[in-house]
Amino acid sequence: MDRLAGSAEIAAEIRRLKEERDAVLLVHNYQPDEIQDIADITGDSLELSRAAATRKEDVIVFCGVDFMAETAAILSPQKTVLLPAEDACCPMAQMISAAELRLAKERHPDAAVVCYVNTSAEVKAESDICCTSSNAVKVVNSVQEDEIIFVPDRNLGRYAQRFTKKKVMPWEGFCIVHDRITPEQVTAARNAHPDAVLLVHPECRPEVIDLADHVASTSGIIKEVCSSKKKEFIIGTEVGILYRLKKECPDKMCLPLDEKGICRNMKKTDLEKVQSALLTLRPRITVPDEIASRARGAIERMLALP
């Protein structure tokens with residue numbers, strides 16, 4: 001059996017098991033092409049968080065990285081949450097610990113803590129409210145305090161600072177994919193494609209954001225490309241988004257700003273792991289009640305924003 005036929009057979013078995021297990025497949029925009037093809041919902045962190053909180057199925061299969069599955073387990077403790085790629089972590093989320101955040105809170109007792117969803121459950125439990133890349137500005141402006149400890153992404157924190165009078169104090173974490181994009185790459189891409197629209201993710205460095213035509217989350221980028229009258233785009237985020245753009249906006253030409261911009265952890269999911277997870281209901285992600293109850297408050301405050 002060739003690889004394509006084998007993949008089709010596994011995908012068919014996944015669909016059968018999904019019905020049998022009463023499961024939903026939540027898939028991030030950076031996941032491999034074949035995983036996006038079997039998704040019930042493909043989206044960014046905010047869209048997938050909302051889906052995790054509202055879907056009726058008994059089993060959530062999260063095709064992404066660890067903090068995403070943890071968030072689903074926090075929001076739906078009565079459900080079985082599976083992470084097919086058990087070792088798929090987010091390096092940025094590992095750049096801050098709950099103990100480090102507690103020290104920062106002691107130094108700035110009057111500040112609110114806005115915590116990017118790309119964090120551990122323990123860090124969320126120490127935070128006032130969560131945010132995603134698509135709503136960070138709205139979240140920062142929603143809190144009463146005039147000072148914000150923003151963890152862990154320095155670039156997203158600095159981006160939010162542009163749109164608020166509050167004092168944002170960013171942690172020194174970063175996304176290893178977005179932080180590596182340089183202004184020199186932008187210049188080279190602009191020279192090669194002078195008519196293209198440049199869209200970048202807010203996890204990019206400030207000097208890259210300064211050069212962009214639009215700044216948006218992954219789903220925001222997709223909406224902008226599909227609704228635009230322009231035909232050519234340079235996309236400054238993880239390259240997995242290009243597959244969805246090709247499917248949803250087939251008439252547009254989308255080029256990667258950094259063709260080596262690959263999140264290795266997002267690519268750890270494959271069809272065999274999803275099949276195995278549905279067969280065995282493992283690896284299951286759970287969060288201790290004491291941590292989950294505090295973290296849930298921070299996530300729900302974000303989800304309650306209009």
Side-chain angles (χ1 to χ4, degrees), residues 2-5 7-8 11-12 14-15 24-51 63-64 68 132-137 159 175 177-178 180-205 208-264 266-267 269-271 274:
D2 62 31
R3 185 180 183 280
L4 194 60
S7 296
I14 288 170
R15 286 190 286 272
V24 61
L25 266 62
L26 305 184
V27 175
H28 193 273
N29 290 323
Y30 296 155
Q31 285 285 292
D33 301 356
E34 64 269 21
I35 303 301
Q36 293 191 39
D37 283 341
I38 61 169
D40 292 305
I41 298 176
T42 308
D44 61 18
S45 294
L46 182 59
E47 291 171 321
L48 298 179
S49 293
R50 291 193 186 282
C63 298
M68 298 177 176
T132 69
S133 58
S134 61
N135 68 7
V137 173
Y159 179 71
C175 169
V177 172
H178 292 105
R180 60 174 275 161
I181 297 173
T182 65
E184 290 73 23
Q185 288 175 300
V186 174
T187 300
R190 291 275 202 199
N191 290 339
H193 305 279
D195 297 325
V197 178
L198 174 63
L199 300 99
V200 305
H201 196 279
E203 289 178 11
C204 290
R205 298 184 199 177
V208 171
I209 285 173
D210 287 341
L211 300 172
D213 295 309
H214 299 281
V215 182
S217 70
T218 51
S219 289
I221 288 172
I222 292 164
K223 289 172 186 171
E224 181 64 32
V225 171
C226 290
S227 64
S228 176
K229 294 179 180 178
K230 300 284 188 176
K231 293 296 183 182
E232 191 174 9
F233 301 86
I234 301 164
I235 308 298
T237 190
E238 209 272 352
V239 297
I241 196 177
L242 296 173
Y243 183 67
R244 188 171 170 198
L245 283 166
K246 187 175 181 180
K247 286 174 66 176
E248 297 200 14
C249 318
D251 59 324
K252 308 294 175 70
M253 178 185 290
C254 296
L255 307 159
L257 178 54
D258 179 7
E259 60 186 21
K260 295 180 180 179
I262 297 170
C263 176
R264 301 293 176 188
M266 280 287 188
K267 306 307 187 209
T269 316
D270 59 35
L271 291 174
V274 175

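Hydrogens, waters and symmetry mates play no part in the numbers below; they use all other heavy atoms, side chains included.
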Quick one: pull up CD1 in Ile241 and OG1 in Thr42 and give me the separation to the nearest 0.5 Å. 11.5 Å
What residues form a side chain to side chain contact (heavy atoms under 4.5 Å, CB included) with Asp251, not counting sequence neighbours? Lys231, Cys249
Under the rule for side-chain hydrogen bond (donor to acceptor under 3.5 Å, both in side chains), what residues qualify as partners of Gln36, not counting sequence neighbours? none
Partners meeting side chain to side chain contact (heavy atoms under 4.5 Å, CB included) with Asp213 (sequence neighbours left out): Arg190, Val197, Leu198
Checking side chain to side chain donor-acceptor pair (under 3.5 Å) for the pair Ser134/Thr132: CA distance, chi angles, key distance, verdict? CA-CA 5 Å; Ser134 61; Thr132 69; 3.0 Å; yes
Which residues pass the side chain to side chain contact (heavy atoms under 4.5 Å, CB included) test with Lys246, sequence neighbours left out? none
How long is the straight-line distance from CE of Met266 back to CG of Asn29, given to the nearest 0.5 Å? 8.5 Å
Exercise: identify the closest heavy-atom pair between Leu48 and Gly43: CD1-O, 3.7 Å
Taking side chain to side chain contact (heavy atoms under 4.5 Å, CB included) as the definition, give me every residue that meets it alongside Lys223, ordered by chain and number, with sequence neighbours left out. Glu47
Do the side chains of His214 and Ile221 get nearer than 4.5 Å, heavy atoms only? no
Taking all non-hydrogen atoms of both residues into account, name the closest pair between Cys204 and Gly236 and its distance. SG-O, 3.8 Å
So do Val208 and Pro183 actually touch side chain to side chain, heavy atoms under 4.5 Å? yes
Working to the nearest 0.5 angstrom, can you tell me the gap between Met253 CE and Lys230 NZ? 15.0 Å
Within this structure, what is the OG-CG distance for the pair Ser217 and Leu199, rounded to the nearest 0.5 Å? 11.0 Å
Test of understanding: with side-chain hydrogen bond (donor to acceptor under 3.5 Å, both in side chains), list the residues that count as partners of Ser49, not counting sequence neighbours. none
Please lay out, stage by stage, how Val225 and Ile235 fare under the test side chain to side chain contact (heavy atoms under 4.5 Å, CB included). CA-CA 10 Å; Val225 171; Ile235 308 298; 4.1 Å; yes
Out of curiosity, Asn135 CG to Leu46 CG, how far, rounded to the nearest 0.5 Å? 5.0 Å
Closest non-hydrogen atom pair, Val274 against Ile35: CG2-CD1, 4.1 Å
Measure the shortest side-chain to side-chain distance between Leu245 and Ile222 over non-hydrogen atoms and say whether it is less than 4.5 angstrom. yes
Going by side-chain hydrogen bond (donor to acceptor under 3.5 Å, both in side chains), name the residues that satisfy it together with Glu203, two or more places apart in sequence or in a different chain. Tyr116, His178
Salt bridge (charged side-chain N to carboxylate O under 4.0 Å, His left out) against Glu248, all qualifying residues, sequence neighbours excluded: Arg244
Non-hydrogen side-chain atoms of Lys252 and Glu232 separated by less than 4.5 Å: no
Which atom pair, heavy atoms only, marks the closest approach of Ala212 to Val200? CB-CG2, 3.6 Å
Residues which pass ring pair (Phe, Tyr, Trp, His ring centres under 6.0 Å) with Tyr30, listed by chain and number, not counting sequence neighbours: His28
Residue pairs, two or more places apart or on separate chains, that pass side chain to side chain donor-acceptor pair (under 3.5 Å) and touch residues 254-263: Arg180-Asp258
For Thr269 and Pro32 the tightest heavy-atom approach is O-CG, 3.5 Å
Can you tell me how far apart CD1 (Ile181) and OG1 (Thr237) are? Round to the nearest 0.5 Å. 7.0 Å
Could you pull out the closest heavy-atom pair between Thr218 and His201, with the gap in Å? N-CD2, 4.0 Å
Applying disulfide (SG to SG under 2.5 Å), can you list everything that pairs with Cys254, at least two apart in sequence or on another chain? none
What pairs meet the salt bridge (charged side-chain N to carboxylate O under 4.0 Å, His left out) rule with one or both residues in residues 35-44, with sequence neighbours excluded? Lys18-Asp40, Asp37-Lys247
